[in-house]
Amino acid sequence: MRRLGFSVSIFVLALQLAAAQDLPEFRPALVGKAPDAIINRIDTKTLAAAGQKNALIMFCAAVTKTGELNWSGTYRGTADSKLLEQEVQRALAGARMIPAIRHRQPIAVIFFGTVMFEVIEGKPRLRLFANQEPNELKTENDFVGPQVCIGGDSKFSGLHYPDNGSPVPLAGVAELQIAVDGEGNLQSGEVVNESPPLLGFGDAAMDDFAEARFIPAFRDGKPVACAITLPVYYPPKG
């Protein structure tokens, strides 16, 4: 019996190793085309009927190794994007994604996306992009921005609100200019803007991402080095 159990364990391990070899070295988390994909859960007809005009909303979400969304948030909406924001929030709550791969292993990541809604000749048009770069969005390029990894060889452990002594809880944002190579390694980073200023949000963001690893950016389906501006949002403490 011991020999049989040992043989079965070896066989299972061999199957796991074979499955890992079939996975790519890197793959970003992707929206996908399943019925529970974010883009398929957004009700464009209801939005158009409710009077939603052309609008844009950005979001981020934590995607687990198996594609579930642990949490998500929306921000940076254009004027009159409230209906779109509410619908995107509803869609995110029950969505699933294609999970990310790093070094041939599934890994949890933070996904940064942009939803654009338009009404053209009375018909709604919806597009979802896996990046938040203005130039990439303007030309609708096939570009997936780098995604910070949670676990594995990444030391990113979440966002830590700065201990700034403010008597009133405030939301903060720090914009980091980062360069990530084609292997997902952080090459450089600096704070280019923080709001409110002088409350430590920029330093907190630099500390939070200092030892992070990323799924590299993908352009036209291939991993590439890139430089992007990463908005890091800190909700009010507590």
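We're numbering straight along the sequence, starting at 1.
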Check residues 142-151 and write down every donor-acceptor pair under 3.5 Å in which the side-chain atom is one partner and the other belongs to a residue at least two apart or another chain.
residue, atom, partner, partner atom, Å
Gln147, OE1, Ala29, N, 2.8
Gln147, NE2, Ala29, O, 3.2

Would you list the atom pairs, donor with acceptor, under 3.5 Å between side chains in residues 108-116 and any protein atom, with sequence neighbours excluded?
residue, atom, partner, partner atom, Å
Thr114, OG1, Asn131, O, 2.7

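- A side-chain donor-acceptor contact under 3.5 Å links Ser154 to the backbone of Arg213.
- For Arg102, the salt bridge (charged side-chain N to carboxylate O under 4.0 Å, His left out) partners are Asp153, not counting sequence neighbours.
- Looking at residues two or more places apart in sequence or on another chain, you find a side-chain hydrogen bond (donor to acceptor under 3.5 Å, both in side chains) between Arg76 and Glu175, Tyr233.
- Residue Leu30 is found in a hydrophobic cluster whose other members, listed by chain and number, are Ile98; membership requires side-chain heavy atoms under 4.5 Å apart, directly or through intermediates.
- Partners of Glu133 under the salt bridge (charged side-chain N to carboxylate O under 4.0 Å, His left out) rule, at least two apart in sequence or in another chain, do not exist in this structure.
- Among residues at least two apart or in separate chains, side chain to side chain donor-acceptor pair (under 3.5 Å) pairs with a member in residues 34-52 are Asp43-Thr46.
- In this structure, CZ on Phe117 lies 9.5 Å from NZ on Lys53, to the nearest 0.5 angstrom.
- Remark: Glu136 engages Arg219 in a salt bridge (charged side-chain N to carboxylate O under 4.0 Å, His left out) (not counting sequence neighbours).
- A donor-acceptor contact closer than 3.5 angstrom is absent between the side chains of Asn164 and Ser166.
- Residues passing the side-chain hydrogen bond (donor to acceptor under 3.5 Å, both in side chains) test with Asp181 are Asn185, Gln187, sequence neighbours excluded.
- Between Tyr234 and Tyr161, the angle of the ring planes goes over 60°, which puts this pair in the perpendicular group of the 30/60° scheme.
- For His160, there are no ring-ring contact (aromatic ring centres under 6.0 Å, His included) partners two or more places apart in sequence or in a different chain.
- Hydrophobic clustering, with ILVMFWY side chains joined whenever heavy atoms are under 4.5 angstrom apart, groups Val173 together with Leu176.
- Between Phe59 and Leu92 the shortest side-chain heavy-atom distance falls below 4.5 Å.
- Under the salt bridge (charged side-chain N to carboxylate O under 4.0 Å, His left out) criterion, Glu190 pairs with no residue at all, not counting sequence neighbours.
- Contact check for Ile107 versus Ile215: side-chain heavy atoms found under the 4.5 Å cut-off.
- A search for side-chain hydrogen bond (donor to acceptor under 3.5 Å, both in side chains) contacts involving Arg27 returns nothing, not counting sequence neighbours.
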